[in-house]
Novice: 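Structure provided below as structure tokens; questions to follow.
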Amino acid sequence: MNAGSMMVEHLAPSGVLVWITAALLGIKLLSTVVLLALPRDSWFDSRWTAGLWWASKITPLLAVPCMIVLALKAQQYGWARVFACLMLFVVVAVPVKIWRRSYRGSGTGNRAAG
């Protein structure tokens, strides 16, 4: 056993991480599909659609570290590197997307009726 797998050995059992990852990615998929079915201007008109928008942005930040740990536990270091690169992308892309949304000023849901 090497140092990488020993570091993650004490974490949650693999089965639990698999279910957490699957649930998070399922939430991401479901929220994205629902949002894409709605007009973009209505995404922040109600609380539940705003919650879906946030869920579609936050769940990858939670799922990718679980994927990295699973890859390390399985000693799949190539996949761990791929997931680490994915995490780097997510850590950059998600704040940029949130910043763009709040910069436009339509993220409050309090738009004037027009």
Side-chain angles (χ1 to χ4, degrees):
M1 202 179 293
N2 60 30
S5 62
M6 286 175 52
M7 276 181 16
V8 296
E9 199 61 39
H10 69 281
L11 296 175
S14 295
V16 173
L17 283 177
V18 169
W19 282 107
I20 290 171
T21 304
L24 288 169
L25 294 177
I27 291 168
K28 161 83 173 146
L29 177 67
L30 183 64
S31 61
T32 301
V33 167
V34 170
L35 285 174
L36 290 176
L38 299 172
R40 186 174 240 174
D41 293 341
S42 69
W43 287 359
F44 285 90
D45 287 345
S46 67
R47 240 182 214 187
W48 73 272
T49 53
L52 288 175
W53 187 86
W54 279 102
S56 71
K57 303 299 174 247
I58 299 302
T59 52
L61 289 172
L62 302 173
V64 176
C66 293
M67 294 164 57
I68 293 170
V69 169
L70 285 168
L72 289 174
K73 284 182 115 176
Q75 297 182 358
Q76 299 287 326
Y77 303 113
W79 281 109
R81 280 188 222 106
V82 169
F83 296 146
C85 290
L86 177 64
M87 188 66 196
L88 182 63
F89 170 75
V90 167
V91 166
V92 171
V94 168
V96 167
K97 189 68 173 172
I98 292 170
W99 175 78
R100 285 181 54 206
R101 166 57 59 185
S102 59
Y103 181 73
R104 286 189 291 207
S106 60
T108 62
N110 296 327
R111 293 182 296 183

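Atom set for the values below is all heavy atoms of this structure, side chains included, hydrogens, waters and symmetry mates excluded.
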Novice: When you compare the side chain of T32 with that of L35, does any pair of heavy atoms fall below 4.5 Å?
Specialist: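 Counting from C-beta outward, L35 and T32 never come under 4.5 Å.
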Novice: Got a second to check how far L30's CG is from L25's CG, nearest 0.5 Å?
Specialist: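 Atom-to-atom, L30:CG and L25:CG are 12.5 Å apart.
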Novice: Do V96 and F89 sit in the same hydrophobic cluster, where Ile, Leu, Val, Met, Phe, Trp and Tyr count as joined when their side-chain heavy atoms come under 4.5 Å apart?
Specialist: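 Different clusters: V96 never reaches F89 through Ile, Leu, Val, Met, Phe, Trp or Tyr contacts under 4.5 Å.
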Novice: Considering only heavy atoms from C-beta outward, does the side chain of I58 approach that of K28 to under 4.5 Å?
Specialist: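 A side-chain contact under 4.5 Å is absent here.
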Novice: Look at the side-chain heavy atoms of Ile, Leu, Val, Met, Phe, Trp and Tyr, link any pair under 4.5 Å apart, and say whether Y77 and V64 land in one connected group.
Specialist: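 Linked within one cluster.
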Novice: Find out if a path of hydrophobic residues (ILVMFWY) with successive side-chain heavy-atom gaps under 4.5 Å connects W53 to L29.
Specialist: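 No, separate clusters.
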Novice: Hey, does L61 have a side-chain heavy atom less than 4.5 Å from the side chain of M87?
Specialist: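 Yes, at least one pair of side-chain atoms sits under 4.5 Å.
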Novice: For L24, enumerate each residue passing the side chain to side chain contact (heavy atoms under 4.5 Å, CB included) test, keeping only those at least two apart in sequence or located in another chain.
Specialist: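 Side chain to side chain contact (heavy atoms under 4.5 Å, CB included) list for L24, sorted by chain: I20, T59, L62, A63.
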Novice: So, for L72 and A80, which heavy atoms are closest and what is the spacing to 0.1 Å?
Specialist: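 For L72 and A80, the tightest heavy-atom pair comes out as CD2-CB, 3.8 Å.
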Novice: Between W43 and A50, is there a donor-acceptor pair closer than 3.5 Å when you use the side chain of the first and the backbone of the second?
Specialist: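 Not at all, since once roles are kept as given, no pair shorter than 3.5 Å links the two residues.
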Novice: Show the nearest heavy-atom pair for residues I27 and A55, with the distance to one decimal.
Specialist: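 In this case the closest contact between I27 and A55 is CG2-CB, 4.1 Å.
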Novice: Look up atom NZ in K97 and atom OG in S56, then write down how far apart they are to the nearest 0.5 Å.
Specialist: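 These two atoms lie 9.0 Å from each other.
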Novice: State which residues pass side chain to side chain contact (heavy atoms under 4.5 Å, CB included) with L88; sequence neighbours excluded, sorted by chain then number.
Specialist: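 L88 satisfies side chain to side chain contact (heavy atoms under 4.5 Å, CB included) with no residue once adjacent residues are dropped.
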Novice: Identify, with sequence neighbours excluded, every residue that meets side chain to side chain contact (heavy atoms under 4.5 Å, CB included) alongside W79.
Specialist: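 Testing W79 for side chain to side chain contact (heavy atoms under 4.5 Å, CB included), a comparison that skips the adjacent residues, returns A71, Q76, V82, F83.
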Novice: Would you indicate whether the side-chain heavy atoms of C66 and V69 approach each other to under 4.5 Å?
Specialist: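 The answer is no, as the side chains (C-beta and beyond) never meet within the 4.5 Å cut-off.
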Novice: Using the rule that two of Ile, Leu, Val, Met, Phe, Trp, Tyr join whenever any of their side-chain heavy atoms come within less than 4.5 Å, decide whether W54 and V33 are in one cluster.
Specialist: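 W54 and V33: separate clusters.
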